[in-house]
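Treat the numbers as computed from the prediction; the structure is a model and nothing was measured. Just so we're on the same page: letters track the sequence lines, and every chain starts at 1.
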Amino acid sequence: MSILPKSFYTRSDVVQVSKELLGKLLVSRINGVLTAGTIVETEAYRAPDDKACHAYQNKRTSRTEVMFHEGGCAYVYICYGIHHLFNVVSGEKDMAHVILIRGIEPIKGVEHMMERRGLNQLKPALTAGPGSLSKALGIKKELSGVSLLDKKSKIWIEDQGLNIDKNEIVAGPRVGMSTAEECSHWPWRFRIKGNKWSSKPNTVKYDF
DNA sequence: CACGGGATCGTCT
DNA sequence: GACGATCCCGTGT
């Protein structure tokens, strides 16, 4: 169990980093409570050319500034006023490349996750979807910008020696793109094939 | 199973 | 002042 080094994150190809995050262990220690899960679904976002990225055209605001940090920290923002969505910042400084974590397979502290989610039964809904898994791990917007490179941090990612083969990865279009632009069809959503903790593939929608 | 609406608020115009 | 990288629950089939 070794923590992922900065060099894992600072590579220029965010799509490649997204694929390699599959099978890694996402760990949180919030107020002494340790919870962790294997990453089974990711989505890449890449400024400046990706219209779906908050930092499209390298737009810097107080919210997006974290995305321009050097790879290896968290980007957390609130969606629909309720959900805290956890992203991994990648790329060199000033490259706004991020990876949204969309699904994990619960590994440690399952009881704590269930309590945070208000579930009394273990089921895929516990950690399926970016809002749900963030809640299960206790990740909130206040953690935006924190380092992932140190186990003294509240969040980090470990290599657990699990190698996901290329043909075990399913690529598809990203979700939630309301504006039907070309980039909404970029196959930048990655899942581990057949993993029950990963959501179902979404249908490609064409805008005619 | 598919669809639809409500919750709820930070962020940007 | 509008809206969103979501989720949950209700309704209908």
When you compare the protein's N or O atoms with those of nucleotides 2-4 of chain B, which come within less than 3.5 Å of each other, and at what distance?
none

> Roughly how far, to the nearest 0.5 Å, is the CG atom of Leu122(A) from the CD atom of Glu111(A)?
Replying inline: 8.5 Å
> To the nearest 0.5 Å, how far apart are CD1 in Ile39(A) and CZ in Arg102(A)?
Replying inline: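 Separation between the atoms: 13.5 Å.
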> Do Thr35(A) and Ser28(A) get their side chains close enough for a donor-acceptor pair, meaning under 3.5 Å?
Replying inline: yes
Result block: side-chain N/O donor-acceptor pairs under 3.5 angstrom for residues 67-84 of chain A, not counting sequence neighbours:
| unit_1 | atom_1 | unit_2 | atom_2 | d |
| --- | --- | --- | --- | --- |
| Glu70(A) | OE1 | Lys6(A) | NZ | 3.1 |
| Tyr75(A) | OH | His54(A) | ND1 | 2.9 |
| His84(A) | ND1 | Lys141(A) | N | 2.9 |

> Base, sugar-phosphate, or nothing: which does Lys135(A) touch, judged by heavy atoms less than 4.0 Å apart?
Replying inline: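 Answer is nothing: Lys135(A) stays at 4.0 Å or more from every strand.
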Taking only the side-chain heavy atoms of [X] (C-beta and beyond), determine which of [options] contains the nearest atom.
X: Met67(A); options: dC7(C), dG10(B), dA5(C); result: dA5(C)
X: Ser62(A); options: dC12(B), dA5(C), dG10(B); result: dC12(B)
X: Arg63(A); options: dC12(B), dG10(B), dT6(C); result: dC12(B)

Charged N to carboxylate O below 4.0 Å: is that the case for [X] and [Y]?
X: Lys152(A); Y: Asp150(A); value: yes
X: Arg11(A); Y: Glu20(A); value: yes
X: Asp13(A); Y: Lys19(A); value: no

> dG10(B) base stacked by Tyr77(A)? Criteria: ring centres under 5.5 Å, plane angle under 30°.
Replying inline: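 No, the aromatic ring of Tyr77(A) does not stack with the base.
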Atom pairs, N/O to N/O, protein against nucleotides 6-8 of chain B, distance under 3.5 Å?
| unit_1 | atom_1 | unit_2 | atom_2 | d |
| --- | --- | --- | --- | --- |
| dT8(B) | O2 | Tyr80(A) | O | 2.5 |

Would you say [X] places a side-chain N or O within less than 4.0 Å of OP1 or OP2 belonging to [N]?
X: Lys59(A); N: dT11(B); answer: no
X: Arg189(A); N: dA5(C); answer: no
X: Thr61(A); N: dT11(B); answer: no

>> Could you check whether any side-chain N or O of Asn87(A) sits under 3.5 Å from a backbone N or O of Leu85(A), counting only pairs where one atom can act as donor and the other as acceptor?
In response: yes
>> Determine whether a donor-acceptor pair (N or O, by modelled atom type, separation under 3.5 Å) exists between the side chain of Thr127(A) and the backbone of Ile104(A).
In response: yes
> What are the residues of residues 111-125 of chain A, sorted by number, that bring a heavy atom to within less than 4.0 Å of DNA chain B?
Replying inline: none
> On the ring face of Tyr45(A), is Arg174(A) found with NZ or CZ under 6.0 Å from the centre and within 45° of the axis?
Replying inline: yes
Below 3.5 Å, can you tabulate the donor-acceptor pairs from side chains in residues 58-66 of chain A to any protein atom, sequence neighbours excluded?
| unit_1 | atom_1 | unit_2 | atom_2 | d |
| --- | --- | --- | --- | --- |
| Arg60(A) | NH1 | Glu65(A) | OE2 | 2.7 |
| Arg60(A) | NH2 | Asp94(A) | OD1 | 2.8 |
| Thr61(A) | OG1 | Arg63(A) | N | 3.2 |
| Thr61(A) | OG1 | Thr64(A) | N | 3.2 |
| Thr61(A) | OG1 | Thr64(A) | OG1 | 3.4 |
| Thr64(A) | OG1 | Lys59(A) | O | 2.9 |
| Thr64(A) | OG1 | Thr61(A) | N | 2.8 |

> Quick one: stems for DNA chain C, with Watson-Crick or G-U pairs under 3.5 Å, at least three in a row?
Replying inline: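 Runs of three or more consecutive pairs: B:1-7 with C:6-12, B:9-12 with C:1-4.
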>> Do Ile30(A) and Leu133(A) land in one hydrophobic cluster if side-chain heavy atoms of ILVMFWY residues count as linked below 4.5 Å?
In response: yes
> Under the side chain to side chain contact (heavy atoms under 4.5 Å, CB included) criterion, do Arg46(A) and Cys53(A) qualify, and how do the steps go?
Replying inline: CA-CA 6 Å; Arg46(A) 184 186 71 189; Cys53(A) 180; over 6 Å; no
